[in-house]
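A short write-up of the structure that comes next.
Here is the naming used below: chain letters follow the sequence lines, and residue numbers restart at 1 for every chain.
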There are 4 protein chains.
Amino acid sequence: MRTDARRNVEALLEAAKTVFSTAGVDAPAKEITDLAGVGVGTLYRHFPQRSDLIKAVIEREIDACADAAPALAAAHEPGIALARWLDRFTAFVATKRGFAAALHSGDPTFDGLPGYLMQKLGPALESLLDAATASGEVQARISAQDLLYAVAKLCAPMPNEEPEYGRRMVALLVDGLRSGESPH
Amino acid sequence: MRTDARRNVEALLEAAKTVFSTAGVDAPAKEITDLAGVGVGTLYRHFPQRSDLIKAVIEREIDACADAAPALAAAHEPGIALARWLDRFTAFVATKRGFAAALHSGDPTFDGLPGYLMQKLGPALESLLDAATASGEVQARISAQDLLYAVAKLCAPMPNEEPEYGRRMVALLVDGLRSGESPH
Amino acid sequence: MRTDARRNVEALLEAAKTVFSTAGVDAPAKEITDLAGVGVGTLYRHFPQRSDLIKAVIEREIDACADAAPALAAAHEPGIALARWLDRFTAFVATKRGFAAALHSGDPTFDGLPGYLMQKLGPALESLLDAATASGEVQARISAQDLLYAVAKLCAPMPNEEPEYGRRMVALLVDGLRSGESPH
Amino acid sequence: MRTDARRNVEALLEAAKTVFSTAGVDAPAKEITDLAGVGVGTLYRHFPQRSDLIKAVIEREIDACADAAPALAAAHEPGIALARWLDRFTAFVATKRGFAAALHSGDPTFDGLPGYLMQKLGPALESLLDAATASGEVQARISAQDLLYAVAKLCAPMPNEEPEYGRRMVALLVDGLRSGESPH
DNA sequence: TATGAATGAGGGTTCATTCAT
DNA sequence: GATGAATGAACCCTCATTCAT
């Protein structure tokens, strides 16, 4: 890939990341290209579908999330490792306005996004849940997908919301996993 | 108010309720007026702001939710009463696509919605939480507002989501309230 | 229909007729609405599909063409009547740039156009052909549809073409019908 | 000209011929360059104007048409020779969607195309017409240009048209030339 | 008061043409 | 010379809101 093209792609990804966190993943294409300093045609060349852009923007951060799991598992008790990793994922989701909606949209534009998320983060979270369950710190009554989606929804950033809200709610959810009682 | 005007308002509220649960609170105005069998002008006459319509549609259901609390408190143990009431609220939220986003939008269009919600449901939920705390069934470490918003987010209906997802997650959250451990 | 709406529809049809003869049936919608002095929304309200507009523009003229047949048949020898009617149709086609292409486009936008044309003009032309054949003035070796389409193609107006070209060619074609020889 | 440049020109001409017959002479440039396996820049280098490409694509075929006339004149009666040559020209036009429109477009892009056509094919057709007129088989009441353009229009390929349509119409036109009556 | 026609800004997408590599 | 990335004007269409009837 040519250097100028690479530069533009980078600029678009950076701009999209910023705009997504401000105006959501449905933000006008023009807003992104203006911030990136390129023409709209350049956006459509590199990302013919909106989901291609979303996927690309999210990809690197998802990968970083997945990569963080082994180190946390090695450094902490299983229950703590799980909590810390969810903190990590929470921080990621908190900058992706519209992410939860995109996951469930049913819009063909966003096909592939749920699959990508589960493929990358499902195994990492499952191993953390398994370890915490084995050690007795958690009663695993939730699937990795349910938990990821719950965090995605709870931590979906809202313009008028205090920043710590999502973390508090996820902590409460994890407490629910610890309790020995069955759900109603 | 003339009877025909009253009839139109009723038709609009009923139509809006249906459309909101199908296409979200951002649905085109035309969709609502067509279903109600009135012209768009009639919608704008009675509900100059979109939020006026949303508020009116939600009002009666919110009131019904609030009214359900005393009966549940009288008929069940405090912890059970709390869980049942949250089920009730969950069912309400599940039909209000876009409701959680509207609560936090910051868009002046939706001013007044959060205040109305808290004014009506805050006291009802607080008394349930207080009773459950007093009986030792719950370690109340969450405000009524936090909990209402958490349910609103978790149960926000998504096109491609299994129907029972929201209830499972809320049950898990309630379990978190029962556990004696402190959040991280 | 309200008088203002009727006035706009008339203005749109008049504008479309003018623009079609200048820039073809694929002309930008804006060009038509500007000439009509209305907003684009008004065009889309009355003619959701481009073909709806084309059909409406052509309709009245097609009907007039069809209506002319009986009078010509009564006033002239069959062969002459046929030639005169084709002159009439030629004059109509000469103002409809892109009309022939629309007839065969295969574009779903133009579905219904060939059917409408044949339904309205087919019978009129067939009766003229039948009469001319019966009187021996013509060897009917062509279907009404073939002939209509031939005229549509031959008389399709072109910016740089002398005005009388189409009429000369149609006259030649009619001579072909008169000749007793069979085609190769 | 370098051999690679020559090769690219050939590839472009071949690709353009194919695309023209499929999608018309207004087809996107990219379609042509992709089929040719070259970049768009190469197209614009060799054919700065769209008409340059069209002209070049058509040139060889026009020349072949012109060259066919003497052989046909030698092998057949004048009338037959004329018909056969028109068949030849018909086959050529049938693969050049948009060709007739380009001839009359008035668009400076297509300047030179009508002149080239007449310069090459006019004499060939005139000599055939002259011979047929001299032998009495044809009452030549049409100029070579009129006839060429009539065939170009009648045989302009349309997506939804039966393949034999053009030939039938041209045959009818030639019958018109045979008839001794005068046009109206 | 009710209606629904009209407006036009706004967002999506394509593609001819230029120009950096 | 060849390449194909970038540009941005141009067109399409939708829908919130206003206002004539």
Rounded to whole angstroms, how far apart are [atom1] on [X] and [atom2] on [N]?
X      : N       : atom1 : atom2 : result
I32(B) : dG4(E)  : CD1   : P     : 16 Å
L53(A) : dG12(E) : CG    : P     : 12 Å
R2(A)  : dA5(F)  : CZ    : P     : 7 Å
E10(A) : dA5(F)  : CD    : C1'   : 16 Å
D26(D) : dT17(E) : CG    : P     : 11 Å
E31(B) : dC15(F) : CD    : P     : 9 Å
L12(D) : dA2(F)  : CG    : P     : 10 Å
D34(D) : dC15(E) : CG    : P     : 12 Å

Could you check whether any side-chain N or O of [X] sits under 3.5 Å from a backbone N or O of [Y], counting only pairs where one atom can act as donor and the other as acceptor?
X       : Y       : answer
R97(C)  : T22(C)  : yes
K153(D) : A156(C) : yes
N8(C)   : A5(C)   : no

Starting at the 5' end of DNA chain F, which residue's closest nucleotide do you reach first, A5(A) or G39(D)? G39(D)
Between A27(A) and D4(C), the residue closer to the 5' end of DNA chain E by nearest nucleotide is D4(C)
Would you mind telling me which residue lines up with the more 5' stretch of DNA chain E, P28(D) or G37(B), judged by nearest nucleotide? G37(B)
Look at the side chain of R7(A) and decide which nucleotide, out of dG12(E), dA16(E), dT21(E), has an atom nearest to it. dT21(E)
Please list residues of residues 40-50 of chain A whose heavy atoms come under 4.0 Å from any atom in DNA chain F, ordered by number; otherwise none. V40(A), G41(A), T42(A), R45(A), H46(A)
Between R6(C) and E10(C), does any NZ, NE, NH1 or NH2 come within less than 4.0 Å of an OD or OE carboxylate oxygen? yes
One thing to verify: whether E61(D) and K120(D) come together as a salt bridge, which I'm taking to mean a side-chain N less than 4.0 angstrom from a carboxylate O. no
Is any side-chain heavy atom of L53(D) closer than 4.5 Å to a side-chain heavy atom of L43(D)? yes
Strand partner of dG10(E), provided both Watson-Crick or wobble distances fall under 3.5 Å: dC13(F)
Tell me which nucleotide, if any, is Watson-Crick or G-U wobble paired with dT21(F) when both distances must be under 3.5 Å. dA2(E)
Can you check whether N8(D) has a side-chain N or O nearer than 4.0 Å to OP1 or OP2 of dA2(F)? yes
Answer yes if the ring centres of F92(A) and F99(A) are under 6.0 angstrom apart, and no otherwise. yes
